[in-house]
Trainee: 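Attaching a single structure in structure tokens format; questions to follow.
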Amino acid sequence: MTDLSGRTAIITGASRGIGLAVAQRLAAAGANVVLTSRKQESADQAAAQVEGNALGVAAHAVDEDAARGCVELTLERFGSIDILVNNAGTNPAYGPLIDQDHGRFAKIFDVNLWAPLLWTSLVVKAWMGEHRGAVVNTASIGGLHHAPNMGMYNTTKAALIHVTKQLALELSPRIRVNAVCPGVVRTRLAELLWKDQEEALSASVPLGRVGEPVDVAGAVAFLVSDEASWITGEIMVIDGGTLLGDASALRG
């Protein structure tokens, strides 16, 4: 198992789904983990589901004061911030691009793109810039292709992929920045994509199933570990082969 003993990770949007699974996986590898959520109650509940040193912190991803407070508290409690996982995401803009309004546009870009930049800036200036570190952004295969009704979300993820590579260049050589691009994973955020059509969806995926949060968590653990010490600016697709094409015709 990857050894992250003595390191500290902040995972944004970690009250459930992929974020919680990542926190659990990093803690199992020995890391101290800080899980953020909008409300303290949900952050505490998530931290209680982690075996190891875990701290829940209320910090809306786009609230700069709350983010700064979380960074300061993390350094006070654990003494370092070696890992940042920018996982918080939202999609209030499901539907055709031309039917979106500025409010939804602003919200989705704030959470999915500005927040990763904000948190990365804060941890770099507070710790990683002098001491090294690893950042992983949760993007999506949506940022690599096009799909009906997902235009706004996919655009933010495409931008996040570009930003990941830009940050990897700008923050080298002391800080590594990579991204994971999950396919459809069994989370609340993605329910609209799998809940009422899981059988058909699974048939279309070459590996025959919807993704689980732990599938992504294992990849994140690898990317933040020393085993990936010569990897930066990479976009790891974790989609069961979805981008290869529709495999349902092979199931007959």
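Residues: numbered from 1 along the sequence shown.
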Trainee: Are Val62 and Leu167 linked, directly or through other ILVMFWY residues, by side chains that come within less than 4.5 angstrom of each other?
Mentor: no
Trainee: Salt-bridged, Asp226 to Arg7, with N to O below 4.0 Å?
Mentor: yes
Trainee: Would you give the length of the straight line joining atom CZ of Arg104 to atom CZ of Phe109, rounded to the nearest 0.5 angstrom?
Mentor: 14.0 Å
Trainee: What I want to check is whether the side chains of Ser15 and Ser42 have a donor and an acceptor closer together than 3.5 Å.
Mentor: no
Trainee: Would you compute the distance between atom CG of Asn178 and atom CD1 of Ile231 and round it to the nearest 0.5 angstrom?
Mentor: 7.0 Å
Trainee: Using links of under 4.5 Å between side-chain heavy atoms of ILVMFWY residues, direct or through other members, which residues join Leu144 in one cluster?
Mentor: Ile141, Ile161, Ile235, Val237, Leu243
Trainee: Does the side chain of Gln49 pick up a donor-acceptor pair with the side chain of Gln45 at under 3.5 Å?
Mentor: no
Trainee: Looking only at non-hydrogen atoms, find the nearest pair between Tyr153 and Thr90 and report the distance.
Mentor: CD1-O, 3.5 Å
Trainee: Please lay out, stage by stage, how Asp215 and Arg209 fare under the test salt bridge (charged side-chain N to carboxylate O under 4.0 Å, His left out).
Mentor: CA-CA 12 Å; Asp215 294 321; Arg209 65 175 175 86; 2.8 Å; yes
Trainee: Distance check, rounded to the nearest 0.5 Å: Cys70 atom SG versus Asp63 atom CG?
Mentor: 11.0 Å
Trainee: What's the separation between atom CD in Glu72 and atom OG1 in Thr74, rounded to the nearest 0.5 Å?
Mentor: 10.0 Å
Trainee: Any chance you could measure Asn91, atom CG, to Asn112, atom CG, to the nearest 0.5 Å?
Mentor: 7.5 Å
Trainee: Please say which of Thr36, Thr138, Asn137 ends up in a side chain to side chain donor-acceptor pair (under 3.5 Å) with Asn87.
Mentor: Thr138
Trainee: Return the OG1 to CD distance between Thr164 and Glu234, rounded to the nearest 0.5 Å.
Mentor: 11.0 Å
Trainee: In plain terms, say whether Asp65 and Arg68 are close enough for a salt bridge, that is, a side-chain N and a carboxylate O under 4.0 Å apart.
Mentor: no
Trainee: Begin from the C-alpha positions of Met128 and Asp82 and carry the test side-chain contact (heavy atoms from CB on, under 4.5 Å) through to its verdict.
Mentor: CA-CA 7 Å; Met128 286 187 187; Asp82 311 283; 5.8 Å; no
Trainee: For the residue pair Glu130 and Arg174, what are the closest heavy atoms and their distance?
Mentor: O-NH2, 2.7 Å
